[in-house]
Amino acid sequence: MTSPGARSPRRVILDTDTGIDDAVAVVLAVADPRLDVVAVTTVFGNADVEHTTANTLTLLDRMDAREVPVARGAAAGLVGTPTFAPMVHGANGVGDVEFGAPALRTVSDSAAELIVRTVRQDPGQITVVALGPLTNLALAFAIDPGLPALIDEVVWMGGALDVTGNVTPVAEADALHDPEAADLVLAANCRMTVVGLDVTTRALLDVAGLERMERAGAAGAEYLARILPYYFDFYERRLGVRECAMHSALTVAIAADPSLVNAAVTAPAAIELSGERTRGMLVVDRRTDMRAPWTVGRRDTSVVLDADVSGFMAQMLDLVCGTGAGAATGPR
């Protein structure tokens, strides 16, 4: 129950391609009393949608969040054939750790249908926290063109603005998985915050954090402690240090606590669709004296450039390990 004078939890739909860092984000979202996870939708990305869906169901079951409806979403982008990078998250998305068949089941709605139904039931009150390709959200907008105006905010982990991409020199993975969908959502009439590589690559979990999860005893922390070593291995090969980026978890944390943002640029944004070497690139027109023709009719997007990553990490570990004030272990 919310205490007198306290702000009600922010009601969120998690749209996730549950791989390793996304699993941290799911655990964090369920554990954070400032968020009320009203639905979860799955999408391809870190692994195929069969695995990302199974991973999500297994994790929610272990966290005693069985009442949260889960809908399976898109298996591919609006254009093209999906590609996966098993060296990052494993072939099954969770470091090739086997947890068995999930006990929970998805609802009959598709992810896009569940997004439409959930938002329509409570217009203006639902935030979509998107942690993968934006295919499900683009499909929801196609089903219901009036939906963008009814969403409180979309908070998306995607894009790279002033740093290099992690797939191509300019493109981040979630944007490149489905550039058409990402651009459709950026062009829609909804408030949107982009949490991209500019800030997420600085949110690094270290070995001490992993060891804290191993000791915690909380169900979510125990699950994460089993899958994170694979992710650490990938980052150690890449960075030369045993740390790994908490991309999706930082995005969830910013949805729960926007005061973590230290700096952002607010301007029209788009995803490049046709460039031979720039497809998937996040483009933001920061000019104030003139704007490109493509910006006409586009609502400004807030792109996070800096955040309190040390504050985030402290909050995240407290909540995931079950030691934060008001940390939850199941649905609210």
Give a yes or no on whether Val12 and Leu134 share a hydrophobic cluster (residues Ile, Leu, Val, Met, Phe, Trp, Tyr; joining criterion: side-chain heavy atoms under 4.5 Å apart). no
Under 4.0 Å between a Lys/Arg side-chain N and an Asp/Glu carboxylate O for Arg72 and Asp109? no
Which residues share a salt bridge (charged side-chain N to carboxylate O under 4.0 Å, His left out) with Arg287, sequence neighbours left out: Asp285
Do you know which two heavy atoms are closest between Asn46 and Gly19, and how far apart they sit? ND2-N, 3.6 Å
Indicate yes or no: at least one non-hydrogen side-chain atom of Leu131 is less than 4.5 angstrom from one of Asp15. no
Show the nearest heavy-atom pair for residues Ile271 and Pro179, with the distance to one decimal. CG2-CB, 3.8 Å
Shortest non-hydrogen separation from Ala175 to Gly159 and the atoms involved: CB-N, 4.4 Å
How far does OG of Ser8 sit from CZ of Arg34, to the nearest 0.5 angstrom? 14.5 Å
Among side-chain atoms of Asn92 and Asn55, is any donor-acceptor pair under 3.5 angstrom? no
Would you mind telling me which of Asp96, Ile227, Asp21 makes a side-chain contact (heavy atoms from CB on, under 4.5 Å) with His89? Asp21
Any side-chain heavy atom of Thr201 within less than 4.5 Å of one from His247? yes
Assess the side chains of Glu276 and Thr278: does a donor N or O sit below 3.5 Å from an acceptor N or O? no
Please give me the minimum heavy-atom distance between Glu214 and Ala225, naming the atom from each residue. CG-CB, 3.6 Å
Apply the test side chain to side chain donor-acceptor pair (under 3.5 Å) to residues Arg10 and Thr127: give CA-CA distance (whole Å), side-chain angles for both, the deciding distance (0.1 Å), then the verdict. CA-CA 7 Å; Arg10 190 174 196 183; Thr127 294; 2.9 Å; yes
Evaluate side-chain contact (heavy atoms from CB on, under 4.5 Å) for Arg62 paired with Glu222, printing each intermediate quantity in order. CA-CA 10 Å; Arg62 285 173 172 253; Glu222 186 276 335; 3.3 Å; yes
Nearest-0.5 Å distance that lies between atom CG in Leu59 and atom OH in Tyr223: 5.5 Å
Please round to the nearest 0.5 Å and tell me the distance separating atom CD of Glu243 and atom CG of Leu210. 12.0 Å
Indicate yes or no for a side-chain donor-acceptor contact from Asp178 to the backbone of Leu78 under 3.5 Å, with no hydrogens or angles considered. yes
Kindly work out whether a path of hydrophobic side-chain contacts (I/L/V/M/F/W/Y, heavy atoms less than 4.5 Å apart) joins Phe99 to Leu60. yes
Thr42 side chain to Thr52 side chain, donor-acceptor N/O pair below 3.5 angstrom: no
Are Leu139 and Val43 in one and the same hydrophobic cluster, where Ile, Leu, Val, Met, Phe, Trp and Tyr link if side-chain heavy atoms are under 4.5 Å apart? no
To the nearest 0.5 Å, tell me how far Leu137 CG sits from Leu184 CG. 10.0 Å
Side-chain heavy atoms of Met313 within contact of Met246, under 4.5 Å: yes
Should Val195 and Leu176 be regarded as members of a common hydrophobic cluster, given that ILVMFWY residues are connected when their side-chain heavy atoms come within less than 4.5 Å of each other, either directly or indirectly? no
Note, Ile254 side chain near Phe312 side chain (heavy atom, < 4.5 Å): no
Option among Leu319, Asp32, Val320 that satisfies the side-chain contact (heavy atoms from CB on, under 4.5 Å) test with Val27: Val320
Would you say the ring centroid of Tyr231 lies under 6.0 angstrom from that of Tyr235? yes
Before giving the answer on side-chain contact (heavy atoms from CB on, under 4.5 Å), spell out for Leu57 and Arg105 the whole-Å C-alpha distance, their side-chain angles and the decisive distance to 0.1 Å. CA-CA 7 Å; Leu57 292 168; Arg105 294 291 179 265; 5.7 Å; no
How about CZ on Arg277, more than 12 heavy atoms from neighbouring residues, nucleotides or ligands closer than 6.0 Å, or not? no
Contact summary for Val26 and Thr18, nearest pair of heavy atoms: CG2-OG1, 4.2 Å
How far apart are the closest heavy atoms of Val309 and Arg202, and which atoms are they? CG2-O, 3.9 Å
For residues 161-175, the side-chain hydrogen bond (donor to acceptor under 3.5 Å, both in side chains) pairs (sequence neighbours left out) are Asp162-Arg286
Indicate yes or no for a side-chain donor-acceptor contact from Asp36 to the backbone of Pro9 under 3.5 Å, with no hydrogens or angles considered. no
Using the rule that Ile, Leu, Val, Met, Phe, Trp and Tyr join whenever any side-chain heavy atoms are under 4.5 Å apart, tell me whether Val116 and Val107 fall into a single cluster. no
Drop me the distance from Arg242's CZ to Glu236's CD, to the nearest 0.5 angstrom. 5.0 Å
Heavy atoms, side chains only, cut-off 4.5 Å: are Pro133 and Asp17 in contact? yes
Any side-chain hydrogen bond (donor to acceptor under 3.5 Å, both in side chains) pairs touching residues 290-302, not counting sequence neighbours? Asp183-Arg298
Reference residue Ile13; test side-chain contact (heavy atoms from CB on, under 4.5 Å); the match among Val37, Val38, Val154: Val38
Test: ring-ring contact (aromatic ring centres under 6.0 Å, His included). Region: residues 143-190. Which pairs qualify, not counting sequence neighbours? Phe44-His177
Less than 4.0 angstrom from a charged side-chain N to a carboxylate O is my criterion; do Arg226 and Glu98 meet it? no
Got a sec, which pairs hit salt bridge (Lys or Arg N to Asp or Glu O under 4.0 Å) with one end in residues 119-139, sequence neighbours left out? Arg11-Asp122, Arg120-Asp144
Could you pull out every donor-acceptor pair under 3.5 Å between side chains of residues 185-193 and any protein atom, sequence neighbours left out?
from	atom 1	to	atom 2	distance (Å)
Arg191	NE	Asp152	O	3.3
Arg191	NH2	Asp152	OD1	3.2
Thr193	OG1	Glu153	OE2	2.5

Side-chain touch Thr251/Val129, heavy atoms, less than 4.5 angstrom: yes
For Arg66 and Met63, indicate whether the former's side chain and the latter's backbone hold a donor-acceptor pair under 3.5 Å. no
side-chain contact (heavy atoms from CB on, under 4.5 Å) evaluation trace for Thr16 with Thr41: CA-CA 6 Å; Thr16 178; Thr41 52; over 6 Å; no
Please check if the side chain of Glu113 supplies one atom and the backbone of Ile115 the other of a donor-acceptor pair under 3.5 Å. no
Separation between CG (Asp61) and CG (Leu104), nearest 0.5 Å, reads 4.0 Å
